[in-house]
Each structure stands twice: as C-alpha cells, then as structure tokens.
2 protein chains.
Amino acid sequence: MGKTIPEQPFASRAKDDRSTAHNSSYNERNDAIIKAATMLIARDGYEKASMRAVAAEAGVSPASMYHYFDGKEAMLFTILFRAFSGLESNLRMKTHLIEDPLEQMRIMIAEHVMFFANDMDGLKLCSHELDSMRGKAYEELHRIRRSYYHHTREIVNNLVKKYNLKVCDSHVATMSLFSSLNWLYRWYDPHTSSRSPAVLGKLFFEQFIGGLTGSELLQQDNGEET
Amino acid sequence: MGKTIPEQPFASRAKDDRSTAHNSSYNERNDAIIKAATMLIARDGYEKASMRAVAAEAGVSPASMYHYFDGKEAMLFTILFRAFSGLESNLRMKTHLIEDPLEQMRIMIAEHVMFFANDMDGLKLCSHELDSMRGKAYEELHRIRRSYYHHTREIVNNLVKKYNLKVCDSHVATMSLFSSLNWLYRWYDPHTSSRSPAVLGKLFFEQFIGGLTGSELLQQDNGEET
DNA sequence: ATAATTGTCGAACGCCCGTTCGGGTGTTTG
DNA sequence: CAAACACCCGAACGGGCGTTCGACAATTAT
C-alpha cells in the first residue's frame with residue numbers, strides 16, 4: 001500500500017530504474033506511453049485524457065500501463081519532471097561559462113524558445129497542468145521551477161547592476177519575461193509560423209531589454225496624475 | 001432534443017432571458033450558481049469541478065441546476081461570455097474619446113489589470129478554460145476575444161505610426177503584451193501583493209513601451225552573428 | 001377556487017473513469 | 001527441466017460523473 005508516492009528522494013524514474021538494463025523493449029514501450037500521454041494530455045487536458053485513450057494511442061492494453069507507471073499522476077509527473085529538469089539543466093549548462101549578463105540573457109531566451117520548439121506539448125503541460133499535481137510530487141516540480149526562476153532572476157539582477165539600469169521592479173520584469181515564454185503555446189507553432197524560433201527569441205530578447213531600459217517617450221511628465 | 005446549443009443568435013442569457021422580469025429570487029439563485037461555478041472551476045478546473053460540487057456550493061440541489069442552465073457547458077459559456085464581453089466593451093468605452101494612441105495604450109493596460117483585480121477567477125477561466133468549449137459556443141467566444149485583440153493591435157499600429165517606431169514585429173509585440181496580462185493569474189494576487197493594480201499597470205505600460213522603442217544597449221553590432 | 005406555471009429536489013440511469021485481479025505467455029536463471 | 005521472473009491483457013470492481021425523471025410545493029393567472 002502507498003504506491004502512489006515513491007518512498008525516498010523522488011526521481012524521474014518510472015516504476016523501477018531499469019534504464020541500466022540492456023532491455024530495450026521495455027524502454028521503447030515506456031517512451032511510447034510517455035509520448036502518447038504527452039500528446040493526448042496536451043490536446044485534451046489531464047482530466048479528460050483517459051488512461052484507456054493513452055493506452056490505445058501507445059498500442060498497449062490499459063492494464064499494461066501499470067507495468068510502467070504507478071498510476072496516472074505518476075505518469076504526468078514523469079512528463080513534467082523531464083521537461084522541467086531538462087529546461088533547468090540546459091540553462092545552467094549554456095550560461096555556465098558566460099560572463100556578460102546581457103549575453104546570458106540572450107542565451108536564456110533563445111534556449112527557452114528552442115526548447116519549446118523541440119517539445120511544444122511537454123512545455124504546454126508545464127504551463128497548463130502543473131496544478132494537477134499534489135503533495136510531494138508537486139513540491140519537487142515546483143522546486144525545479146523555482147530554481148529556473150531564480151537563475152533567470154539572478155541574470156536580470158546582474159544586468160541591472162552592470163548597466164546601471166533604473167529598473168523599477170525586477171520581479172515584475174522577470175515575470176513578464178516568463179509570461180511571454182510560457183504563453184507561447186497559446187499562439188506560436190514553429191512548424192506553421194513564418195518566424196523561426198531563432199527570430200522569435202531575438203525579438204523577445206530585444207523587447208525585454210527595451211522594457212528594462214525604458215523609453216524616452218515616457219520622460220515628459222513622470223510622477224503624478226490627477 | 002438538441003438542448004445543449006441554443007438556436008439562434010447566442011447570447012449571455014441563461015436558459016431564458018428572465019432578466020426583464022421582476023422576479024428577483026430567480027436572478028439571485030442564478031448569480032449564486034455562476035459565482036460558485038466560477039470559484040470551483042478556477043480552483044479545480046472545468047473537468048474536475050462537478051455539477052454536484054457547484055450545486056452544493058451554491059446551496060441548491062444538483063437537479064435544480066438544470067432550471068438555470070442547459071448543462072455544464074452552457075454554464076461555463078455564460079461565465080466566459082460575461083468576462084470576455086465585459087473586457088471588450090469596457091475597452092471600447094474607455095478608449096472611445098481618446099485620440100493619442102500612447103494614452104489609449106496606457107488606458108488599455110490599466111483597465112485590463114483593474115478588470116483582472118475585480119474578477120480574478122473569471123479572467124483565469126478566460127485564459128485557462130476557453131479550450132473546454134466546442135462548436136458554436138467556442139466560435140462566439142473566440143470572436144469576442146479576437147475583437148479584443150484587434151482593438152489592441154490597432155492601438156499598437158497607431159502608436160508605431162505616430163511616433164515613428166522602428167518596431168520589427170507588432171504581432172509579436174502585441175502577443176507579448178497579452179502574455180503579460182493573461183499570465184497574471186499565475187502569480188499576482190492584488191489582495192496579497194504589495195503592488196496595487198494601478199502600480200502594476202503602470203509597470204506593464206512602461207515595459208511595453210520600452211520594448212517597442214528598443215534599447216541603446218543593443219546598438220553595438222546589429223546585423224550578424226557567427 | 002381552480003388551473004397553469006415555476007421552482008425544487010430525491011432518486012435513479014447509463015456511462016466512463018482509474019485501477020486491480022487472475023491468469024496467461026514467453027524468457028531468463030539455477 | 002523446473003523454477004523464477006518480466007511482460008501482457010481480458011474482465012471486472014467500485015465509484016463518480018452529467019443528466020433526467022417524476023412527484024411535490026409555491027406562486028401566479030383566470
């Protein structure tokens with residue numbers, strides 16, 4: 001009993017960590033289930049996407065699903081964990097050796113957009129279905145998410161410091177940036193749009209930096225209103 | 001048969017338009033249901049929020065719900081219709097007599113944030129649950145949403161024209177603005193935050209205008225990269 | 001007073017859900 | 001060769017869902 005929440009430090013594994021075994025058929029099926037679940041949950045939402053539908057899409061029986069995952073929630077956890085930690089570790093890796101915060105910022109935005117373009121459904125779930133998780137699983141995902149936020153926020157702070165920007169509220173600025181990135185799944189499809197992910201990242205970067213540095217259009221009567 | 005989708009021009013009414021009648025108890029119950037449904041769907045999501053739970057929250061029996069709404073989807077439609085059309089008509093009203101697009105933009109952002117602060121759950125549903133609608137109901141809501149977008153986009157275009165901004169992509173700029181506004185429900189609570197809606201609107205406005213006009217930080221080597 | 005309409009609800013219907021059970025296959029291990 | 005194990009699934013369980021039905025009160029119209 002108590003199968004739904006694994007015991008100790010929580011990780012991205014499925015039911016057991018068979019990733020070291022030389023059994024390839026297991027991992028193939030596992031990935032097929034993850035892929036089917038990601039697509040269907042992105043399309044229909046977590047509650048509406050049924051285990052039966054995921055099983056049919058993945059080509060297995062509903063009962064076999066429980067060979068690979070403890071349950072529906074554990075399945076969603078695996079999807080979100082992979083996406084969130086991939087995003088976070090990629091950011092850490094790509095900005096590690098860069099010193100200029102402006103360049104770090106450019107990389108962060110470009111990498112996030114690229115990451116989205118490569119896994120639209122996965123990142124949609126990160127934005128849309130995180131609240132479907134409860135308890136320790138939610139906390140673990142939220143921890144990674146917060147780490148990603150802190151990393152970005154630190155870049156913003158260094159940016160403000162280095163270039164002496166008179167930014168009023170770096171929290172709001174950072175949240176606005178995340179808004180643009182997380183809202184992508186609502187309107188942007190790299191396979192359809194005329195804008196490439198690289199171009200879009202550049203636009204976001206310029207907008208964000210412009211938003212941080214302010215505009216001369218607003219210099220006229222700053223300070224009061226009737 | 002065919003009760004779920006009303007026949008002709010679709011409107012924000014419940015089952016019948018009893019708003020002209022002098023029966024106050026009917027409208028009170030109706031509003032109580034809408035209020036309960038908005039809260040519960042915002043908290044649990046459309047699929048997870050059950051008619052039984054909404055009925056209990058509103059203080060009626062599950063069966064009585066169907067005196068006021070044709071079904072669950074019609075109930076959500078009413079909520080979304082009120083929020084969307086309120087947002088849209090308010091924008092039209094407030095910018096109608098203003099000529100300067102800069103001032104129009106300031107008003108649009110400030111009004112949207114105010115609107116959110118006054119109906120957080122409603123606007124959360126607009127962002128989160130629109131996809132739960134199907135068919136004609138979805139199309140009607142989408143039409144209002146698009147009208148709101150077009151109105152805003154027009155302001156942006158006039159802004160660019162009047163002040164000779166060299167903005168690269170006004171669609172991306174407008175979507176970024178909507179991102180910031182629609183993402184509010186994820187992190188901002190006017191009752192808890194130290195920032196008032198007015199302050200937040202001002203910050204958004206400044207960021208957006210700064211993002212449109214660009215930054216001198218980026219002037220160095222624009223045009224190529226290795 | 002009587003008929004018609006409106007509002008209310010307990011009970012139930014039929015459906016789909018996540019999940020489990022028990023028993024099948026193969027395949028590896030001693 | 002037999003035991004152990006990984007894998008797979010048809011069938012079922014218990015429960016919650018949206019919705020409907022039919023009867024009963026309350027109000028309004030005639």
Inset, instruction - Sequence neighbours left out, what pairs pass ring-ring contact (aromatic ring centres under 6.0 Å, His included) with at least one residue falling in residues 117-138 of chain B? - result: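 ring-ring contact (aromatic ring centres under 6.0 Å, His included) check on residues 117-138 of chain B returns A/His128-B/His128, B/His128-B/Tyr185, B/Tyr138-B/His142.
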Inset, instruction - Looking only at side-chain atoms of B/Tyr66, point me to the closest of C/dT20, D/dC8, D/dG18. - result: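 It is D/dG18.
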Legend entry - A/Lys72 side-chain proximity, nearest of D/dC8, C/dG7, C/dG18: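 The answer is C/dG18.
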Legend entry - side chain to side chain donor-acceptor pair (under 3.5 Å) pairs, two or more places apart, involving residues 40-61 of chain B: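 Qualifying pairs: B/Ser61-B/Ser64.
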From [atom1] of [X] over to [atom2] of [N], roughly how many Å is that when rounded to an integer?
| X | N | atom1 | atom2 | answer |
| --- | --- | --- | --- | --- |
| A/Met75 | C/dT19 | CE | C1' | 13 Å |
| B/Met65 | D/dG18 | CE | P | 9 Å |
| B/Glu28 | C/dG7 | CD | P | 13 Å |
| B/Glu47 | C/dG18 | CD | C1' | 15 Å |
| A/His67 | C/dG24 | NE2 | C1' | 12 Å |
| A/Met51 | D/dC8 | CE | P | 15 Å |
| B/Tyr26 | D/dA26 | OH | P | 21 Å |
| A/Tyr68 | D/dC7 | OH | C1' | 7 Å |

Inset, instruction - For B/Ala53, answer base if it contacts any base atom (sugar-phosphate contacts may also be present), sugar-phosphate if it contacts only those atoms, and nothing otherwise; contact means non-hydrogen atoms under 4.0 Å. - result: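 No contact.
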Inset, instruction - Check every strand shown and say whether A/Ala55 touches a base, only sugar-phosphate, or nothing at a heavy-atom separation below 4.0 Å. - result: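 It contacts nothing in the nucleic acid.
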Legend entry - Base-pair map of DNA chain C as dot-bracket, where | denotes pairing with a different strand and pairs are Watson-Crick or G-U under 3.5 Å: ||||||||||||||||||||||||||||||
Legend entry - Atom pair CG (B/Leu91) and CD (B/Gln104), whose distance is rounded to the nearest 0.5 Å: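 One gets 8.5 Å once the value is rounded to the nearest 0.5 Å.
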Inset, instruction - Can you run down the salt bridge (Lys or Arg N to Asp or Glu O under 4.0 Å) pairs that involve residues 144-155 of chain A, sequence neighbours left out, and say none if there aren't any? - result: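 Sorted result for residues 144-155 of chain A: empty, none.
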Legend entry - Pairing of A/Lys35 and A/Asp119 as salt bridge, 4.0 angstrom limit: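 Here A/Lys35 does not pair with A/Asp119 in a salt bridge, since their nearest N and O are not under 4.0 Å apart.
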Legend entry - Full working for salt bridge (charged side-chain N to carboxylate O under 4.0 Å, His left out) between B/Glu88 and B/Arg92: CA-CA 6 Å; B/Glu88 203 265 349; B/Arg92 196 198 312 276; 2.8 Å; yes
Legend entry - Nearest non-hydrogen partners of A/Met133 and A/Ala137, listed with the distance: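 Here A/Met133 and A/Ala137 meet closest at CE-CB, 3.4 Å.
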Inset, instruction - Mind checking side chain to side chain donor-acceptor pair (under 3.5 Å) for A/Asp169 and listing every partner two or more places apart, or none if nothing turns up? - result: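 With neighbours one apart ignored, the set is B/Arg195.
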Between the protein and nucleotides 11-16 of chain D, list the N/O to N/O atom pairs that are separated by less than 3.5 angstrom.
| from | atom 1 | to | atom 2 | distance (Å) |
| --- | --- | --- | --- | --- |
| D/dA12 | N6 | A/Arg52 | NH2 | 3.3 |

Legend entry - N/O (side chain, A/Ser61) to phosphate O (OP1/OP2, D/dC8) under 4.0 Å: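 It does not, given that no N or O in the side chain of A/Ser61 lies less than 4.0 Å from OP1 or OP2 of D/dC8.
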Inset, instruction - Name the orientation class of the two ring planes belonging to B/Tyr148 and B/His112 (parallel below 30°, tilted from 30 to 60°, perpendicular beyond 60°). - result: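 Taking B/His112 first and then B/Tyr148, their aromatic rings sit tilted (interplane angle of 30° to 60°).
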